[in-house]
*Asks:* 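First the structure, which I've put down as structure tokens, then a few questions once you've had a look.
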Amino acid sequence: MSVDLRELLHGLERTAPAGSLDVDRIAPRVRRARRRRVAAQAVGAGAALCLAAAVAVNLQPQAPRLLPATPTAPLTCGAQVGAASEGDVTMSVMAAQGASGVDYNVDLTTVLRNGGPAPLREAAGTPELYLVDEAGRVVAITHVSVEAPIEVAPGSAHLTTTGLLLADCADPTGLAVIPDGSYEVWALTTVEAGTGTQVAFGGGAPVEVRDGVVPDACGAPPPAPSGADEAQEAEVGLEVDARREVQVDLRWPGAQPDDSWVTHTQVLLTETGSDVVVAVGDPYVATVDGPGGETWVLEAPTRDCRSDRVLGVGTYQAVVVLTTEQVAGAAQGAARVRQVYAAGVVAVGGDRS
Amino acid sequence: MPSWAEHLDVLVRDRGPALLRYGYLLTGSTAEAEELVQEALVRVLARRPRLRAQVTLESYVRRTMLTTTVDAGRRTQLWRRVSHLLVAPEVAADQHGGAEDRGALVAALATLSPQQRACVVLRYVDDLSGPEIAETLGISTGSVKRYLSDGVARLGRVLGPVEEPDDVVGVRGGAR
């Protein structure tokens, strides 16, 4: 006897657990979004497409200065970070590259992966995020608020999109800015898995701080990969739609059906290949499954960051920087964060409406 | 003409529970359903300055919930792989079995990708054809065939053989 899926699904819909919606929480979000939309719709319309082969560069923590021992408990301000935890339970961090505008917050996503045979549960009060200086010392700490205990099934990964506040943890007022320099972001969480409690610790995502904030890419030369580890592994498409919103397509031609990646996106446009005139990023990750790839739209519209006006008609050189990690498939256990660079030309047209 | 805020009030009050239940089908989680509905409301009300009818607004919200679900990375940032649930149970679920089957269905739905899940909901709950699903989600009919075929196959591994709807010919078993 076969199952009547239609009846089952309608039954599930009728008996679904009750939730609640709070108008007072939704309305401010609508208000902010409408302001952005009004600005975007005044732009006029244009569309263009560029396709580019991409190169990927592995992002590795600055391992030589790390202590060999993995921490066994949350770190304190000024503490020296240890090596990333290894084994069945791993943690990695992907930091979103500079979006438009400066921010005292580093947007990032943590990936807690359970490669073991038993489910694991994240203990109450964790995780924590650390900004680590070039000497390997913790200079800022953010405690992540988790609404409900997190359970991760065997073979699963749990993603948390969050932010690290750039406030010097050594300052009792919490107002002192972080000195200029190169830093890394690490994350630690305590999990209960099978035999007991253990720490998942990992990261090394690079972050630059200037004047106390993560600087906007506007006005600076676009980044270039320092060396291609895996040329033409990814195919990246870029389109600017009628509202000047940016659509990104990502495909991994060699992917298997079970492969899955999560990806932070940054799009940079220049007029001449020199200074960036549009820098748009996304604090959230997109999920890309299998060889078919995925398409997503960045929420922020493109604006000329020199004038904060709509992007003018013309041809621009584009650089797409994707910070990506494979979370399922053959390479799942590698916990390897990479940056994928793609470059090409995008033409932004006039009003078509 | 009502303002967007008035539309929001009415929609949440009158249609909020139905939207949340639909969101539960798409996400399998009450908390994620709440976030999905909120996100869809924000997107729709931000994009539609002139709204003529509440029914139209709700249809926009449902469609946005679907497309947001497909764009899984933007929806909840929560990703799970539940391959252990793909093991076929010893006894296929009895469709009249109540809470036990409901649990099996929830577990089976959790094995689907967001794309597969959205296509299954549109096919079996909203009774849309393959081309209609493709139009709703903004994907090709070939992709719809693939998502439906794979999704139903995955459900079948947990629930037992799935009865095909009368007009499913041409939807199942498409080219991969």
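Convention: sequence-line order gives letters A, B, ...; per-chain numbering from 1.
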*Asks:* Grab the two heavy atoms, one from E13(A) and one from Y22(B), that are nearest each other, plus how far apart they are.
*Replies:*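 Of all heavy-atom pairs spanning E13(A) and Y22(B), the closest is OE2-CD1, 3.6 Å.
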*Asks:* Using non-hydrogen atoms only, which part of L155(B) is less than 4.5 Å away from chain A: side chain, backbone, both, or neither?
*Replies:*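 Side chain only.
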*Asks:* Can you measure from CZ (R14(A)) to CZ (R21(B)) and round to the nearest 0.5 angstrom?
*Replies:*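 Rounded to the nearest 0.5 Å, the CZ-CZ separation comes out at 10.0 Å.
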*Asks:* R63(B): which residues meet the salt bridge (charged side-chain N to carboxylate O under 4.0 Å, His left out) condition with it, sequence neighbours left out?
*Replies:*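 For R63(B) there are no salt bridge (charged side-chain N to carboxylate O under 4.0 Å, His left out) partners, ignoring immediate neighbours.
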*Asks:* OG1/T15(A) to OH/Y24(B) distance, rounded to the nearest 0.5 angstrom?
*Replies:*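 T15(A) atom OG1 to Y24(B) atom OH measures 8.0 Å (nearest 0.5 Å).
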*Asks:* Could you tell me which portion of T263(A) (side chain, backbone, both or neither) has an atom closer than 4.5 angstrom to a non-hydrogen atom of chain B?
*Replies:*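 Contact with chain B: none, neither part.
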*Asks:* Of all the heavy-atom pairs spanning L105(B) and L8(A), show the shortest one and how long it is.
*Replies:*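 So the two residues come closest at CD2-O, 3.4 Å.
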*Asks:* Nearest heavy-atom pair of L159(B) and V3(A): which atoms, and what distance?
*Replies:*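 Nearest heavy atoms, L159(B) then V3(A): O-CG2, 3.3 Å.
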*Asks:* Is the backbone N or O of S20(A) less than 3.5 Å from a side-chain atom of E34(B), with the two atoms forming a donor-acceptor pair by type?
*Replies:*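 Yes: the side chain of E34(B) pairs with the backbone of S20(A).
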*Asks:* Nearest 0.5 angstrom please: H10(A) NE2 to L25(B) CG, how far?
*Replies:*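 So the gap between those two atoms works out to 9.0 Å.
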*Asks:* Within this structure, what is the CD-CG distance for the pair E35(B) and L21(A), rounded to the nearest 0.5 Å?
*Replies:*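 Atom-to-atom, E35(B):CD and L21(A):CG are 10.5 Å apart.
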*Asks:* Y147(B): what forms a side-chain hydrogen bond (donor to acceptor under 3.5 Å, both in side chains) with it, not counting sequence neighbours?
*Replies:*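 If we apply the side-chain hydrogen bond (donor to acceptor under 3.5 Å, both in side chains) test to Y147(B), skipping adjacent residues, there are no hits.
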*Asks:* List the atom of T30(B), the atom of P17(A), and the distance in Å for their closest heavy-atom pair.
*Replies:*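 Of all heavy-atom pairs spanning T30(B) and P17(A), the closest is OG1-CB, 3.3 Å.
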*Asks:* Could you tell me if the side chain of L5(A) sits less than 4.5 Å from the side chain of V120(B), heavy atoms only?
*Replies:*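 Result yes, sub-4.5 Å side-chain heavy-atom pair found.
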*Asks:* At what distance, to the nearest 0.5 angstrom, does CZ of R123(B) lie from CG of L9(A)?
*Replies:*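 Answer rounded to 0.5 Å: 12.0 Å.
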